[in-house]
Asks: 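Shown below is the structure under consideration.
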Number of protein chains: 2
Amino acid sequence: MRYPEDHKAETHKRIVAEASRRFRGEGIDATGLQPLMKALGLTHGGFYAHFKSKDALVEEALQAAANDANAQWVKAFAKEQPLKTFFERYLSPQHRAHPEQGCPLPTMSAELGQRGNASPITDGVLTSLLELMEKETGSAEQSLAMLSTLVGALTLSRSVASEELSDRILDSARQTLLAQVEAARAART
Amino acid sequence: MRYPEDHKAETHKRIVAEASRRFRGEGIDATGLQPLMKALGLTHGGFYAHFKSKDALVEEALQAAANDANAQWVKAFAKEQPLKTFFERYLSPQHRAHPEQGCPLPTMSAELGQRGNASPITDGVLTSLLELMEKETGSAEQSLAMLSTLVGALTLSRSVASEELSDRILDSARQTLLAQVEAARAART
DNA sequence: TGTACATCAGTGAACGCGCGTTCACTGATGTAC
DNA sequence: TGTACATCAGTGAACGCGCGTTCACTGATGTAC
């Protein structure tokens, strides 16, 4: 069965996209290659024609997840109040409810750190987010701390059982971040 | 082989303690019961005389980890500048290097959230930390945002490959948190 | 124009492995008579 | 005091299962003659 010229590249992309979703939604370890391939209408044997190993897929999927998520943030930064819009989207109930479509840092970074394969890709994901923020805050260090708050808040909001507490986590982070931006702006003038 | 009266309770505690360390260090899914029991000089068959299931152990181990870690923070809060001491310990390279002895939130909460068994215990762990901080900051909402920053910063610092970036994450979080405390104190007077 | 062959994305059975869990058993000690 | 029995924490083989990975194969198409 011959396929169109870009068929294999297309399949490759489909695998990466699906993996990127599943890794974020269920976790890396919890995502099996067999179910993943089956969900795409493929058999698991073909996987190794596309990737050297599961770890290789993890790298590609993490990168894809970052690109995916960052496209959303870039849109947020195109608005009138970029930081406010960004914080609101990042800390929204929608983002909380759909880890599989969101930022890979809250979902994948802990597991990547524990696996021992802390790849430079995580650094890249973090740095690209940082650069977006730095343009607005003017401070790399402040942006870095803000990113910690964003990631921590989203992670915690997803792990508590009480919805009320979960909402409070998101709200308090948003308020504190906005106050920080405001304070920095006031200090500058 | 009869054992001293409290022998079984002792073994139970030893299993919980070891699990609490491993879950934090390697992750819940990545921790096998067989290796765990073997490390304690026991056979895996005996496990079910102590726990209904691995999930039951997870609950007990999470609670134990929280008690364990909180004891450290209470000591930090006994100092002259409680919040400063707390932030410094939480964001220290030592804490970063030893997840298995540290706060369970950065290591376990993401996985617990993904597993779908977001137990109320996470809420308890978070709340007890919150109460410690609230006494000093006077604001539950500010404390909650600070906790997000702490958890996010530690998680990210453990997942990046560059040590320099990792240090910057911890430093920026510490500085920002201290500045927040200072600003709140200034506003109050 | 028709036939033989090469290509190669995808197939699906099989590999060894470690997982969580079950269960019939062991054997040292305490108790009963 | 001595013997038979009950207790019960821990043993270790076995269960089915899904994992990541390997590999001989398929079969539709393009190319060569």
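Chain naming here is simple, since letters A, B, ... match the order of the sequence lines and numbering starts at 1 in each. This is a predicted model, so every value here is computed, not measured.
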Asks: Quick check on DNA chain D: between A:T31 and B:A49, whose nearest nucleotide comes earlier from the 5' end?
Replies: B:A49

Asks: Is there a side-chain polar atom (N or O) of B:H50 under 4.0 Å from OP1 or OP2 of D:dG10?
Replies: yes

Asks: Between A:F86 and A:W73, how do the two ring planes meet: parallel, tilted or perpendicular, split at 30° and 60°?
Replies: perpendicular

Asks: Whole angstrom is fine here: how far is it from CZ in A:F51 over to C1' in D:dT22?
Replies: 18 Å

Asks: For C:dG16, which nucleotide in any strand shown is its Watson-Crick or wobble partner with both distances under 3.5 Å?
Replies: D:dC19

Asks: Counting only Watson-Crick or G-U wobble pairs whose two distances fall under 3.5 Å, which nucleotide matches D:dA4?
Replies: C:dT31

Asks: Might you point out which heavy atoms bring B:I28 and B:M108 nearest each other, and give the distance in Å?
Replies: CD1-CE, 3.8 Å

Asks: For the pair made of CG in B:D29 and C1' in D:dG18, what is the distance, rounded to whole Å?
Replies: 12 Å

Asks: For A:Y48 and D:dT22, is the shortest distance between a side-chain N/O and OP1 or OP2 below 4.0 Å?
Replies: no

Asks: Given B:R89, which partner from the list B:K84, B:K79, B:Q94, B:H95 fulfils the side-chain contact (heavy atoms from CB on, under 4.5 Å) test?
Replies: B:K79

Asks: Looking at the base of D:dA13, is there any donor atom on it, or on the side chain of B:H44, that sits under 3.5 Å from an acceptor on the other one?
Replies: yes

Asks: Between A:D6 (CG) and C:dA9 (C1'), how many Å, whole number?
Replies: 13 Å

Asks: I'd like to know whether A:M133 forms a side chain to side chain contact (heavy atoms under 4.5 Å, CB included) with A:F77, so could you lay out the CA-CA distance, the side-chain angles of the two residues, the decisive distance to 0.1 Å, and finally the verdict.
Replies: CA-CA 9 Å; A:M133 296 174 71; A:F77 273 91; 4.2 Å; yes

Asks: Find the distance between CG (A:L150) and OG (B:S148) and round it off to the nearest 0.5 Å.
Replies: 9.5 Å

Asks: How many Å lie between NZ on B:K8 and C1' on D:dT7, as a whole number?
Replies: 12 Å

Asks: Send over the distance from A:K52 NZ to D:dG20 C1', rounded to a whole Å.
Replies: 13 Å

Asks: Hey, which sits more toward the 5' end of DNA chain D by its nearest nucleotide, A:K54 or B:Q34?
Replies: B:Q34

Asks: So what's D:dA24 paired with, Watson-Crick or G-U wobble, going by both distances under 3.5 Å?
Replies: C:dT11

Asks: Check every strand shown and say whether B:G45 touches a base, only sugar-phosphate, or nothing at a heavy-atom separation below 4.0 Å.
Replies: base

Asks: Is B:T11 close enough to D:dA9 that one of its side-chain N or O atoms is under 4.0 Å from OP1 or OP2 there?
Replies: no

Asks: Roughly how many Å is it from NE2 in A:H7 to C1' in C:dG10, rounded to a whole number?
Replies: 8 Å

Asks: Please give, in whole Å, the distance from D:dG20 P to A:M37 CE?
Replies: 12 Å

Asks: Please report the distance, rounded to the nearest Å, between CD in A:E10 and C1' in C:dG10.
Replies: 16 Å

